[in-house]
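Below is one structure; the comments refer to it alone.
Side-chain atoms are counted along with the backbone in the values below, which use heavy atoms only and exclude waters and symmetry mates.
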Amino acid sequence: MSDVGKWVNRKYGDTNYFLTQGLTNHGCFNAYLYKIKKADSQNCSMCNADIDDANHTLFECDAYENWRQQLYAEIGHRLTPQDMIGTMLLGKRTWDLIAAYIHRIMEHKCEAERTRQAAATRLLT
């Protein structure tokens with residue numbers, strides 16, 4: 001995004017925990033968890049792709065293809081990493097649709113990660 005003012009001065013669209021994770025590539029992504037030594041691999045736990053990061057999860061992961069196609073139908077075009085922020089800034093409707101999509105995926109990924117960590121802890125005890 002070349003004009004930070006559009007982001008800062010928007011009149012709609014709150015950020016939250018899950019949206020921030022999706023936009024910053026921090027959170028329940030195995031590439032990030034591996035980097036901070038909380039995962040054994042960078043591979044995607046959902047589809048076993050080589051790198052699980054925000055780009056993979058939001059735009060490529062087979063596990064979320066149905067949700068992704070639903071979003072594309074609702075916003076009227078295929079979203080890319082390069083145009084996601086610009087599309088969010090088009091208006092409240094597109095912001096809400098994309099934010100809800102990211103929230104849904106990140107909530108799902110974080111729940112799966114909590115389940116994985118709990119199972120690993122049970123194995124250790």
Side-chain angles (χ1 to χ4, degrees):
M1 177 175 55
S2 60
D3 187 359
V4 174
K6 287 181 183 178
W7 177 271
V8 173
N9 296 319
R10 71 187 186 281
K11 302 290 186 219
Y12 53 84
D14 293 325
T15 56
N16 59 43
Y17 177 74
F18 291 124
L19 182 59
T20 300
Q21 283 188 337
L23 295 177
T24 63
N25 203 28
H26 290 88
C28 295
F29 303 108
N30 280 346
Y32 175 71
L33 296 173
Y34 181 78
K35 180 179 175 182
I36 63 170
K37 301 185 183 346
K38 293 200 176 216
D40 296 332
S41 165
Q42 296 186 72
N43 291 33
C44 179
S45 300
M46 304 297 171
C47 73
N48 208 32
D50 290 340
I51 301 291
D52 175 34
D53 59 10
N55 185 64
H56 166 73
T57 297
L58 298 176
F59 300 98
E60 301 168 0
C61 186
D62 293 340
Y64 303 112
E65 184 64 24
N66 289 340
W67 294 350
R68 192 166 29 258
Q69 291 306 317
Q70 180 183 3
L71 172 67
Y72 296 166
E74 290 173 333
I75 64 172
H77 73 278
R78 183 175 181 84
L79 199 62
T80 68
Q82 295 77 23
D83 74 358
M84 182 170 70
I85 298 297
T87 302
M88 290 176 80
L89 292 173
L90 289 174
K92 182 178 181 344
R93 180 181 174 277
T94 55
W95 177 285
D96 289 346
L97 289 169
I98 294 168
Y101 167 73
I102 293 171
H103 184 278
R104 184 179 188 190
I105 288 175
M106 295 310 301
E107 187 173 48
H108 182 264
K109 284 185 72 78
C110 288
E111 180 60 33
E113 178 59 18
R114 281 190 293 274
T115 300
R116 184 194 66 78
Q117 287 179 5
T121 300
R122 282 191 301 273
L123 287 175
L124 295 174
T125 57

Closest non-hydrogen atom pair between Q21 and C110, with its separation:
OE1-SG, 3.5 Å
Please walk me through it: do M46 and T57 pass side-chain contact (heavy atoms from CB on, under 4.5 Å)?
CA-CA 9 Å; M46 304 297 171; T57 297; over 6 Å; no
W67 and L23: same hydrophobic cluster, using ILVMFWY side-chain contacts below 4.5 Å?
yes
Do you reckon I98 sits in the same ILVMFWY cluster as L90, going by side-chain contacts under 4.5 Å, direct or chained?
no
Would you name the heavy atoms of C28 and E113 that are closest together and state the gap between them?
SG-CB, 4.1 Å
Sequence neighbours left out, what passes side-chain hydrogen bond (donor to acceptor under 3.5 Å, both in side chains) with N30? Give chain and number order.
S45
Go through it in stages, so that I can follow the logic: the residues are Y101 and L79, the test is side-chain contact (heavy atoms from CB on, under 4.5 Å), and I'd like the CA-CA distance, side-chain angles, deciding distance and then a yes or no.
CA-CA 12 Å; Y101 167 73; L79 199 62; 5.6 Å; no
So the salt bridge (Lys or Arg N to Asp or Glu O under 4.0 Å) pairs with at least one residue in residues 64-78 (sequence neighbours excluded) are E65-R68
Is a side-chain donor-acceptor pair under 3.5 Å present for E60 with N55?
yes
Aromatic ring proximity, centroids under 6.0 angstrom, Y17 and H103:
no
For S41, enumerate each residue passing the side-chain hydrogen bond (donor to acceptor under 3.5 Å, both in side chains) test, keeping only those at least two apart in sequence or located in another chain.
N43
I'd like to check the ring pair (Phe, Tyr, Trp, His ring centres under 6.0 Å) partners of Y32; sequence neighbours left out, ordered by chain and number.
H26
Drop me the distance from N25's CG to L58's CG, to the nearest 0.5 angstrom.
9.0 Å
Is a side-chain N or O of T15 found less than 3.5 angstrom from the main chain of T20, in a donor-acceptor match?
no
Show every ring-ring contact (aromatic ring centres under 6.0 Å, His included) that has at least one partner inside residues 34-62, sequence neighbours left out.
none
Quick one: does R10's side chain get under 4.5 Å of L89's, heavy atoms only?
yes
Before you tell me yes or no, could you show the steps for H108 and Y64 under side-chain contact (heavy atoms from CB on, under 4.5 Å), namely the whole-Å CA-CA distance, both residues' side-chain angles and the distance that decides it to 0.1 Å?
CA-CA 10 Å; H108 182 264; Y64 303 112; 2.8 Å; yes
Would you mind reporting whether Y72 and H77 have side-chain heavy atoms less than 4.5 Å apart?
no
Just by modelled atom types, is the A31 backbone N or O under 3.5 Å from a matching donor or acceptor in the D53 side chain?
no
Please tell me if the side chains of W95 and L19 come closer than 4.5 Å, counting only heavy atoms from C-beta onward.
yes
Take F29 and C44, measure what side-chain contact (heavy atoms from CB on, under 4.5 Å) needs, and give me the verdict at the end.
CA-CA 8 Å; F29 303 108; C44 179; over 6 Å; no
Taking all heavy atoms of K38 and all of R116, pick out the closest pair and write down the distance.
O-NH2, 3.1 Å
In terms of hydrophobic clustering (I, L, V, M, F, W, Y; side-chain heavy atoms under 4.5 Å; direct or indirect links), are I51 and I36 co-clustered?
no
Pairs satisfying salt bridge (Lys or Arg N to Asp or Glu O under 4.0 Å), at least one member in residues 79-96, at least two apart:
K92-D96
